Asker: 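Before we start, here is the structure in question, set down as structure tokens.
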Amino acid sequence: MAIEKISPSTNGGTHVAPLDASKLVVNLAKTLKPLVPSEDLIFGETKTDHMLVVSYEPATGWSAPEIKPYGPLNLDPASSCFQYCPNVFEGMKAYLGPNGEPRLFRPDKNMERLSRSVERVALPPFDTSVLLELIKRLVMVEARWIPSEPGHSLYIRPTVIGTRAALGVAASDSAIIYVIVTPAGPYFRGSVKGIPLLAVGESVRSWPGGTGGHKLGLNYAPGFLPQRIAAKQGYSQILWLLGDDAKITEAGAMNFFAVARRDDGDLDIVTPPLDGTILPGLTRASCLALLDGHTQGRLTLPGIALTQRLYTHERTLTMSEIAAWSADGKLLEAFGVGTAVIVAPVGRIGWEGKDLVLPSEETGLGPVGKALWERIVDIQVGKVEWEGWSVSCV
Ligand SMILES: *Cc1c(COP(=O)(O)O)cnc(C)c1O
């Protein structure tokens with residue numbers, strides 16, 4: 001006998017409305033806000049004119065999605081999202097293409113990850129390809145907010161929250177999806193130099209069997225206190241370690257890469273494996289694919305010799321290994337990657353009372369980091385076409 005899967009449109013046999021882009025209602029703001037000059041943008045602070053909102057109730061299903069003026073949500077104080085944190089989000093960006101058309105970067109990957117996050121905290125499921133249609137509509141409505149300067153973009157924050165208005169500790173059977181957008185300049189403005197990281201193992205960001213591999217809101221608040229302590233010591237982010245052998249997991253909310261020179265002159269590029277403690281970043285996956293593409297001769301990374309072999313490894317990487325490479329002069333680069341920063345150079349790593357200094361301390365991104373940054377940006381803005389990664393909203 002086939003096991004019936006619970007689909008978004010069934011609820012114990014009762015038919016409820018699925019998420020439906022054709023029901024979209026657009027209520028435009030009467031007056032539009034003035035645009036903020038690009039040089040004044042602070043990440044995530046500027047709110048645009050509109051947002052997308054749609055809600056789910058177990059009796060009726062998904063409401064008609066609405067694009068409406070940006071503003072507060074009206075929620076019952078007992079709502080699950082305020083108590084038990086069944087809250088998930090995504091981070092993606094829209095860029096202007098060669099003909100001024102808004103483009104997204106591998107948005108299907110964000111939607112797949114969102115779907116997994118929603119499932120992990122038992123929120124009502126929905127067809128994320130429909131949400132992607134709605135996000136494209138919102139981006140088109142807000143297109144005037146996409147800054148055109150290189151390295152700038154419109155950051156998109158799809159969010160799903162549980163809105164069950166009762167204190168019983170249980171999965172939220174109602175939910176709201178909302179999407180807000182905010183114009184963004186380069187994440188680390190003005191600092192081309194490497195960032196200082198403090199390696200921390202006493203508090204951990206994730207653990208085996210935990211939720212670090214999902215983009216859940218509840219993963220982030222516990223990192224704020226250690227982050228503040230690191231900042232007081234002059235480090236801008238934490239390098240999160242795990243276990244007695246000081247395994248490197250992530251840097252702040254970025255995936256981590258280290259580049260080491262081999263005796264034969266080839267390069268080893270190592271990033272920790274997706275074992276459930278690492279957030280499966282799109283930028284991480286894109287970097288690995290581009291590096292492999294270079295070594296296989298399917299593409300050339302700018303500034304890297306065709307003959308330079310770049311061997312990628314998704315494997316455990318410990319602090320002692322990094323320290324040994326550094327002592328032997330083999331550690332060429334380390335960088336953090338993510339949608340917000342794309343590629344951010346690591347300048348030094350504080351560990352066991354000492355600072356391990358990298359070449360990027362003074363020079364910023366090394367050749368590999370710089371090549372990845374440039375190639376990813378070229379693909380994002382549609383200058384270089386690569387495997388359909390850049391998707392037009394038009
Ligand atoms: C979002 C995020 C990343 C980066 O993922 P991208 O898909 O590349 O933006 C890495 N680590 C953490 C903890 C994150 O939340």
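For ligands, and for the atoms within them, numbers begin at 1 and follow the listed sequence. For the single chain, residues carry numbers from 1 onward in sequence order. Nothing here was measured: the structure is a model prediction, and the numbers come from that model.
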Asker: I'd like to know if R137 and E133 make a salt bridge, using a cut-off of under 4.0 Å between side-chain N and carboxylate O.
Answerer: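 E133 and R137: not salt-bridged.
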
Asker: Does atom NZ of K383 have more than 12 heavy-atom neighbours from other groups under 6.0 Å away?
Answerer: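 Check fails, neighbour count at 12 or below.
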
Asker: Is a side-chain N or O of N255 found less than 3.5 angstrom from the main chain of G338, in a donor-acceptor match?
Answerer: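 No, the answer is negative, given that no donor and acceptor are paired below the 3.5 Å cut-off.
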
Asker: Do R144 and D49 sit within salt-bridge range, that is, some charged N less than 4.0 Å from a carboxylate O?
Answerer: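 Yes, charged N to carboxylate O under 4.0 Å.
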
Asker: Between the side chains of W386 and D378, does any donor sit under 3.5 Å from an acceptor?
Answerer: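 On atom types as modelled, these side chains do not qualify, holding no pair under 3.5 Å.
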
Asker: Extract all N/O-N/O pairs under 3.5 Å that connect ligand 1 to the protein, and present each with both atom names and the distance rounded to 0.1 Å.
Answerer:
from     : atom 1 : to   : atom 2 : distance (Å)
ligand 1 : 7 (O)  : R113 : NH1    : 2.8
ligand 1 : 7 (O)  : R113 : NH2    : 3.1
ligand 1 : 7 (O)  : L282 : N      : 2.8
ligand 1 : 8 (O)  : L282 : N      : 3.3
ligand 1 : 8 (O)  : T283 : N      : 2.9
ligand 1 : 8 (O)  : T283 : OG1    : 2.6
ligand 1 : 9 (O)  : T339 : N      : 2.9
ligand 1 : 9 (O)  : T339 : OG1    : 2.5
ligand 1 : 11 (N) : E250 : OE1    : 2.5
ligand 1 : 11 (N) : A253 : O      : 3.3
ligand 1 : 15 (O) : K215 : NZ     : 2.7
ligand 1 : 15 (O) : Y220 : OH     : 2.5

Asker: Is E90 paired with R113 through a side-chain N to carboxylate O contact shorter than 4.0 Å?
Answerer: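 Looking at E90 together with R113, the answer is yes, because their closest N to O distance falls below 4.0 Å.
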
